[in-house]
Amino acid sequence: MSSSLRFSFFSSLIFYMFLFYSTNASNISYTPSKLAVDFCNEAQHPQNCLIALKADPQISNVSNYLHLSSIILNLAIANTTLNRNYMEDVAQRKESKSDYVNILNFCIQEYDGANLSFISALMELKSGDGLASYDAKKASDGGYDCYTQFKMVKYPIPPEIKKFVNDLYFFSLLGFDAVNKVGST
């Protein structure tokens with residue numbers, strides 16, 4: 001199996017797992033720990049926070065912000081990869097010279113950068129060098145730049161791109177908030 005085929009298969013697997021968990025969160029038996037519930041209650045979007053966190057079986061055992069931050073950053077990586085791969089699939093099906101494909105290709109690069117920021121945040125979280133919150137927050141720049149690119153060329157922003165940008169902001173903010181609490185519990 002070629003590496004691109006393996007990557008595509010793995011990406012699709014992540015996509016369907018995330019899709020299943022995010023759409024069936026009420027059916028999941030993972031009950032968030034008190035720390036996770038308290039964290040989500042303080043979040044900008046408490047219900048969305050709880051729904052997202054219920055997708056990870058480790059959420060029941062979270063007892064400190066280091067572990068919670070790790071879960072959130074891993075969910076952010078999975079979601080950003082999922083959305084990036086969706087854009088790539090759409091771009092490959094469209095006419096290669098279209099403005100839409102050019103914008104999608106730009107967005108794909110921005111989402112690659114966002115993923116690298118989340119990965120860096122996760123690595124920095126484990127090393128304890130204090131830069132994890134910066135990288136978690138920096139990841140949202142990819143969504144902003146993608147959105148701005150559509151606006152600059154006056155191309156209508158598709159609903160799925162708006163959702164992807166919102167997802168990126170959401171996970172970036174959650175990651176930033178959780179990382180900033182590391183050491184407090």
Side-chain angles (χ1 to χ4, degrees), residues 3-19 22 43-45 48-49 52-53 55-56 68-94 96-180 182:
S3 62
S4 63
L5 187 57
R6 267 182 275 169
F7 178 76
S8 178
F9 172 77
F10 180 69
S11 301
S12 297
L13 181 62
I14 289 173
F15 169 77
Y16 291 115
M17 286 175 53
F18 186 83
L19 184 63
S22 65
Q44 205 168 30
H45 303 285
N48 292 345
C49 177
L53 294 183
D56 193 305
L68 180 63
S69 298
S70 178
I71 288 171
I72 290 170
L73 291 171
N74 278 306
L75 287 170
I77 291 165
N79 179 266
T80 304
T81 300
L82 165 80
N83 293 343
R84 179 242 181 257
N85 290 344
Y86 176 86
M87 287 186 277
E88 184 176 56
D89 288 345
V90 170
Q92 289 174 352
R93 287 185 298 216
K94 297 284 184 182
S96 63
K97 300 278 188 200
S98 75
D99 285 341
Y100 184 68
V101 170
N102 291 335
I103 297 168
L104 280 180
N105 285 329
F106 175 83
C107 291
I108 290 165
Q109 290 176 348
E110 292 299 310
Y111 273 64
D112 285 342
N115 241 347
L116 288 175
S117 291
F118 284 132
I119 291 167
S120 292
L122 188 58
M123 290 172 21
E124 291 156 357
L125 182 65
K126 292 175 182 175
S127 71
D129 66 10
L131 296 173
S133 63
Y134 170 80
D135 278 329
K137 189 70 167 166
K138 180 85 173 125
S140 69
D141 289 354
Y144 174 80
D145 293 343
C146 176
Y147 191 85
T148 301
Q149 190 70 20
F150 275 96
K151 289 283 197 185
M152 269 185 1
V153 298
K154 298 179 178 159
Y155 197 93
I157 303 167
E160 64 272 14
I161 299 298
K162 287 181 184 177
K163 181 194 177 309
F164 296 166
V165 169
N166 288 336
D167 288 352
L168 188 51
Y169 285 143
F170 170 74
F171 280 110
S172 177
L173 184 60
L174 275 187
F176 177 79
D177 289 346
V179 168
N180 280 330
V182 171

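For the single chain, residues carry numbers from 1 onward in sequence order. Fair warning: this is a prediction, and the values are worked out from it, not measured in the lab.
- For S117 (side chain) and A136 (main-chain N/O), no donor-acceptor pair under 3.5 Å exists by modelled atom type.
- One finds the NZ atom of K137 at 5.0 Å from the CG atom of L173 (value rounded to the nearest 0.5 Å).
- For OH of Y100, the number of neighbouring non-hydrogen atoms (other residues, nucleotides, ligands) closer than 6.0 Å is greater than 12.
- In this structure, L104 and I161 have side chains that are in contact, with non-hydrogen atoms separated by less than 4.5 Å.
- With rounding to the nearest 0.5 angstrom, the NZ atom of K151 is 12.0 Å from the CD1 atom of I103.
- N79 contributes atom CG, which lies 12.5 Å from atom CG of N74 (distance to the nearest 0.5 angstrom).
- Comment: R93 does not engage D89 in a salt bridge, judged by the lack of any side-chain N to carboxylate O separation of less than 4.0 angstrom.
- A donor-acceptor pair under 3.5 Å is absent between the side-chain atoms of S172 and the main chain of Y169, judged by distance alone.
- Pairing each heavy atom of P158 with each of F150, the nearest pair is CD-CE2, 3.6 Å.
- Between N115 and A76, the shortest heavy-atom contact is OD1-O, 4.4 Å.
- The distance from atom OG of S120 to atom OH of Y134, rounded to the nearest 0.5 Å, is 10.5 Å.
- Looking at L75 and L53, their side chains come closer than 4.5 Å, going by heavy atoms from C-beta outward.
- Between V179 and the options L174, D135, L73, a side-chain contact (heavy atoms from CB on, under 4.5 Å) holds for only L73.
- In this structure, G142 and L168 approach most closely via the heavy-atom pair C-CD2, 3.9 Å.
- Counting only heavy atoms from C-beta outward, the side chains of L125 and S70 approach each other to under 4.5 Å.
- The CZ atom of R84 sits 8.0 Å away from the OG1 atom of T81 when rounded to the nearest 0.5 Å.
- Here the closest non-hydrogen pair linking Y147 and V165 is CB-CG2, 4.3 Å.
- If you take CD on E110 and OG1 on T80, they are separated by 12.5 Å, rounding to the nearest 0.5 Å.
- Using a distance-only test at 3.5 Å, with no hydrogens or angles considered, a donor-acceptor pair links the side chain of Y111 to the main chain of F164.
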